[in-house]
Amino acid sequence: MNKFLRAIFILVILAMLGAAIIQIFLPHLLGEKSAYGLSIHWQREIGFWNLAILPLLLAVNLKYDWFYLQMTLLALILGGLGFGTNHLLGYLEKTNQANLLGWVENYLLVLLWCIGWKLEYQKRQKNGEGTV
């Protein structure tokens with residue numbers, strides 16, 4: 001895997017781990033800033049979801065497999081587009097700064113995932129590995 005993708009994966013792993021810890025053990029810290037209001041149980045659920053995704057992100061970094069890397073990137077891109085669009089709509093409805101940050105952050109990550117995917121694809125083409 002190229003260094004660009006690996007760096008983004010490490011960044012996201014650290015961010016998701018940090019967010020999971022905060023959302024599970026201190027849910028009010030993020031929930032109070034939410035345009036949707038504080039829901040401690042919902043914050044914890046998001047934290048547990050982050051923990052559930054972490055093994056997949058770790059696995060794709062520890063053992064390179066082109067197919068699973070592509071599927072992981074596709075899932076991250078689709079999730080980022082969905083989460084980002086949800087934040088954008090929330091921002092447009094309530095003009096909440098937290099939603100503005102969520103929108104920019106998710107769309108930026110989608111762009112970075114796409115760049116990393118293209119770099120990895122080009123590397124494979126250069127090495128004669130094809131798309132299989």
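Just the heavy atoms: all of them, side chains too, but no hydrogens, waters or symmetry mates, feed the values below. Computed from a predicted structure; not experimentally measured.
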Would you sort out whether Leu109 and Leu76 count as a side-chain contact (heavy atoms from CB on, under 4.5 Å), showing the intermediate values?
CA-CA 9 Å; Leu109 278 171; Leu76 290 167; over 6 Å; no
Please tell me whether [X] and [Y] are part of a single hydrophobic cluster in this structure, the criterion being side-chain heavy atoms less than 4.5 Å apart.
X	Y	answer
Ile77	Phe83	no
Leu54	Leu73	yes
Ile22	Leu101	no
Val60	Leu74	yes
Leu51	Leu58	yes

With rounding to the nearest 0.5 angstrom, report the [atom1] to [atom2] distance, [X] to [Y].
X	Y	atom1	atom2	result
Gln43	Leu26	CD	CG	11.0 Å
Leu5	Tyr64	CG	OH	9.0 Å
Thr72	Leu57	OG1	CG	7.0 Å
Met71	Asp65	CE	CG	10.5 Å

Suppose we screen for side-chain hydrogen bond (donor to acceptor under 3.5 Å, both in side chains). Which residues come up paired with Asn50, at least two apart in sequence or across chains?
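side-chain hydrogen bond (donor to acceptor under 3.5 Å, both in side chains) list for Asn50, sorted by chain: Gln23.
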Validation: residues 6-18 side-chain donor-acceptor distances under 3.5 Å, sequence neighbours left out:
residue : atom : partner : partner atom : Å
Arg6    : NH1  : Asn61   : O            : 2.8
Arg6    : NH1  : Asn61   : OD1          : 3.3

Which is it for Trp117 and Gln70 under the side-chain contact (heavy atoms from CB on, under 4.5 Å) test, yes or no, and what are the steps along the way?
CA-CA 8 Å; Trp117 194 341; Gln70 290 180 99; 3.7 Å; yes
Could you check whether any side-chain heavy atom of Trp66 comes within less than 4.5 Å of a side-chain heavy atom of Glu129, counting everything from C-beta outward?
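Side chain of Trp66 against side chain of Glu129, heavy atoms only: no contact under 4.5 Å found.
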What's in the same ILVMFWY side-chain cluster as Ile46, cut-off under 4.5 Å, chained through other members?
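Trp42, all in the cluster of Ile46.
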Share the residues that join Leu62 in a hydrophobic cluster, the rule being Ile, Leu, Val, Met, Phe, Trp or Tyr side chains under 4.5 Å apart at the heavy-atom level.
none
Not counting sequence neighbours, list each pair that qualifies as a side chain to side chain donor-acceptor pair (under 3.5 Å) and has a residue in residues 7-18.
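Every pair satisfying side chain to side chain donor-acceptor pair (under 3.5 Å) with a residue in residues 7-18: there are none.
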Which residue pairs pass the side chain to side chain donor-acceptor pair (under 3.5 Å) test with at least one member in residues 102-116, sequence neighbours excluded?
Thr85-Tyr107
Who passes side-chain contact (heavy atoms from CB on, under 4.5 Å) against Leu119, sequence neighbours left out?
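Leu119: side-chain contact (heavy atoms from CB on, under 4.5 Å) contacts with Asn2, Phe4, Ile115, Gln122.
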Trp49: which residues meet the side-chain contact (heavy atoms from CB on, under 4.5 Å) condition with it, sequence neighbours left out?
Ile53
Non-hydrogen atoms of Ala20 and Gly47 that approach each other most closely:
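Ala20 and Gly47 have their closest heavy atoms at CB-O, 3.4 Å.
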Which atom of Ile40 lies closest to which atom of Pro27, heavy atoms considered:
CG2-CG, 3.5 Å
Go through it in stages, so that I can follow the logic: the residues are Met1 and Leu69, the test is side-chain contact (heavy atoms from CB on, under 4.5 Å), and I'd like the CA-CA distance, side-chain angles, deciding distance and then a yes or no.
CA-CA 9 Å; Met1 180 184 325; Leu69 174 61; 4.1 Å; yes
Scan residues 113-122 for pairs that pass salt bridge (Lys or Arg N to Asp or Glu O under 4.0 Å), counting only residues two or more places apart or in two chains.
Glu120-Lys123
